[in-house]
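Fair warning: this is a prediction, and the values are worked out from it, not measured in the lab. Letters A, B, ... mirror the listed sequences (proteins, then strands); counts begin at 1.
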Protein chains: 2
Amino acid sequence: MTNNAQTSTSNPSDELLTFFKALSDSNRLRILGILANQPMSVEQLATALNLSASTVSHHLAKLSDAGLVSAKAEGYYNIYSLNQTALEEMSQRLLKKENLAQVAEPVDLESFDQKVVRDYLASNGKLKALPAQGKKLLAILRYIIQAFEIGKKYPEREVNEIIKKFHDDFASIRRYLIDYQFMQRENGIYWRIK
Amino acid sequence: MTNNAQTSTSNPSDELLTFFKALSDSNRLRILGILANQPMSVEQLATALNLSASTVSHHLAKLSDAGLVSAKAEGYYNIYSLNQTALEEMSQRLLKKENLAQVAEPVDLESFDQKVVRDYLASNGKLKALPAQGKKLLAILRYIIQAFEIGKKYPEREVNEIIKKFHDDFASIRRYLIDYQFMQRENGIYWRIK
DNA sequence: GAAATAATTTTATGTTTATAGAAATAATTT
DNA sequence: AAATTATTTCTATAAACATAAAATTATTTC
């Protein structure tokens with residue numbers, strides 16, 4: 001298991017996650033349903049749901065963490081009730097596309113390219129092979145094209161030299177760079193266009 | 001990609017549960033966040049999230065079951081994109097108090113009383129004991145009071161007789177019935193008032 | 001102060017679920 | 001047809017979680 005060492009500082013998606021996790025159990029949904037009709041004590045809920053008091057208490061703690069219910073001491077009963085405002089606010093605030101889009105950590109859109117290139121690069125800096133086609137070839141081409149300056153004019157001989165640093169089959173790669181619109185050519189002169 | 005086989009007895013809370021379970025995992029939230037920015041293939045997502053393709057596929061299946069994403073075949077890529085409408089519809093439709101209140105199965109509000117009475121009743125129909133106080137005593141009293149007709153006048157001797165069928169300590173119970181306003185008394189005559 | 005009652009926390013256990021490797025399926029290119 | 005690539009399904013495993021009994025805490029009644 002690799003990834004995200006999840007930052008210790010609570011980010012907005014922690015809040016989302018707590019909210020959804022609270023709602024992702026059938027007995028907790030039943031509890032909310034009951035509390036939407038009338039406030040109740042832990043013991044009453046336990047009887048109504050045929051669960052132990054400790055289990056209900058555990059569920060209520062999760063719902064409470066998510067801000068969905070709140071308790072009011074009454075005698076030695078703890079009367080829980082639905083926190084309706086939180087429910088509606090949450091659903092409106094959290095479930096919009098704009099907000100969701102921000103939930104994603106800054107996605108490294110380059111990472112796919114980087115992985116492909118890493119996989120294909122030998123330790124001498126040359127490519128072990130050329131991907132036959134598709135997305136991986138494009139990733140490699142995006143990598144190679146960076147060896148050229150945008151706008152600068154290169155004679156074909158120089159283009160070949162630069163490409164050869166990556167792979168011996170400079171002819172194929174040069175053609176790909178043209179085909180996929182990374183370069184343009186006129187009278188044996190090449191220039192990078194993106 | 002399979003899609004929601006939605007159970008034969010599918011009730012509204014199944015739908016809610018599927019929806020929330022789909023959203024209750026941090027990697028699935030990250031996927032949604034990314035797809036809110038741009039559609040992507042399984043492999044691209046796997047690379048961006050540093051997860052295996054099979055894991056991402058598994059997550060996408062859950063999101064798809066919940067109607068949150070949909071896929072479009074493109075070459076041999078499956079390009080997934082956010083199903084924005086579903087997200088907003090769900091949040092508005094599902095998270096209202098009226099709807100939540102219906103999510104709860106018809107709650108048997110009597111069940112607490114019934115359980116208490118069952119626990120305290122011996123096989124001969126008599127009470128094994130009298131709860132000292134609190135909710136359980138009230139449940140027992142609500143049970144006993146049903147032996148009386150509302151409005152009908154009972155002399156004390158008859159009240160004692162009826163109560164004795166439940167418990168020998170008729171004096172305490174008679175007093176409780178008055179104290180807790182199940183009966184009223186005047187000149188040695190009793191009547192049930194609720 | 002002692003007994004009774006309600007709720008929470010702790011601890012243990014069985015179930016569910018996320019994960020990834022391997023195998024199977026599907027589509028594409030050569 | 002054979003090789004390549006992407007995705008899904010199958011299988012196994014480890015982590016997360018629901019559950020309840022027991023212990024603990026807190027409150028009330030007597």
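- Applying the side-chain hydrogen bond (donor to acceptor under 3.5 Å, both in side chains) test to A:Ser24 and every residue at least two apart in sequence or in another chain returns nothing.
- Atom-to-atom, CD1 of B:Ile79 to P of C:dA27 comes out at 15 Å; the value is rounded to the nearest Å.
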Encoded 5' to 3' (Watson-Crick or G-U under 3.5 Å; [ ] crossing; | other strand), DNA chain C becomes ||||||||||||||||||||||||||||||
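- Applying the salt bridge (charged side-chain N to carboxylate O under 4.0 Å, His left out) test to B:Lys153 and every residue at least two apart in sequence or in another chain returns nothing.
- Rounded to an integer number of Å, the gap from B:Leu23 CG to C:dT17 C1' is 16 Å.
- Considering CG of B:Leu45 and CG of B:Leu35, their distance stands at 5.0 Å, rounded to 0.5 Å.
- Separating the CG atom of A:Leu63 from the C1' atom of C:dT8 is a distance of 15 Å, rounded to the nearest angstrom.
- The nearest whole Å value for the distance from the CG atom in B:Leu45 to the P atom in D:dA6 is 14 Å.
- What separates CG of B:Asp65 from P of C:dT17 is a distance of 13 Å, to the nearest Å.
- Residues passing the side-chain hydrogen bond (donor to acceptor under 3.5 Å, both in side chains) test with A:Ser172 are A:Asp169, sequence neighbours excluded.
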I need a per-nucleotide contact map over nucleotides 11-21 of chain D, read 5' to 3'. Cutoff is protein heavy atoms under 4.0 Å; write B for the base, S for backbone only, - otherwise. ------SSBBB
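- The CE atom of A:Met40 sits 12 Å away from the P atom of C:dA7 (whole-angstrom rounding).
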I'd like a table of donor-acceptor pairs (distance under 3.5 Å, sequence neighbours excluded) in which one partner is a side-chain atom from residues 56-68 of chain A, with atom names and distances.
residue: A:His59; atom: ND1; partner: A:Arg28; partner atom: NH1; Å: 3.1

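- Residues that satisfy the ring-ring contact (aromatic ring centres under 6.0 Å, His included) test with B:Tyr154, not counting sequence neighbours, are B:Phe148.
- In this structure, A:Lys152 has no side-chain hydrogen bond (donor to acceptor under 3.5 Å, both in side chains) partners at least two apart in sequence or on a different chain.
- Atoms CD1 (B:Ile31) and C1' (D:dT7) sit 14 Å apart, rounded to a whole Å.
- Every side-chain hydrogen bond (donor to acceptor under 3.5 Å, both in side chains) that A:Arg185 has, sequence neighbours left out, goes to A:Tyr190.
- Put simply, CG on B:Asn78 is 18 Å from P on D:dT5, counting in whole angstrom units.
- A close approach under 4.0 Å does not occur between any side-chain nitrogen or oxygen of B:Tyr77 and OP1 or OP2 of D:dT8.
- A donor-acceptor pair under 3.5 Å links the side-chain atoms of B:Asp25 to the main chain of B:Asn27, judged by distance alone.
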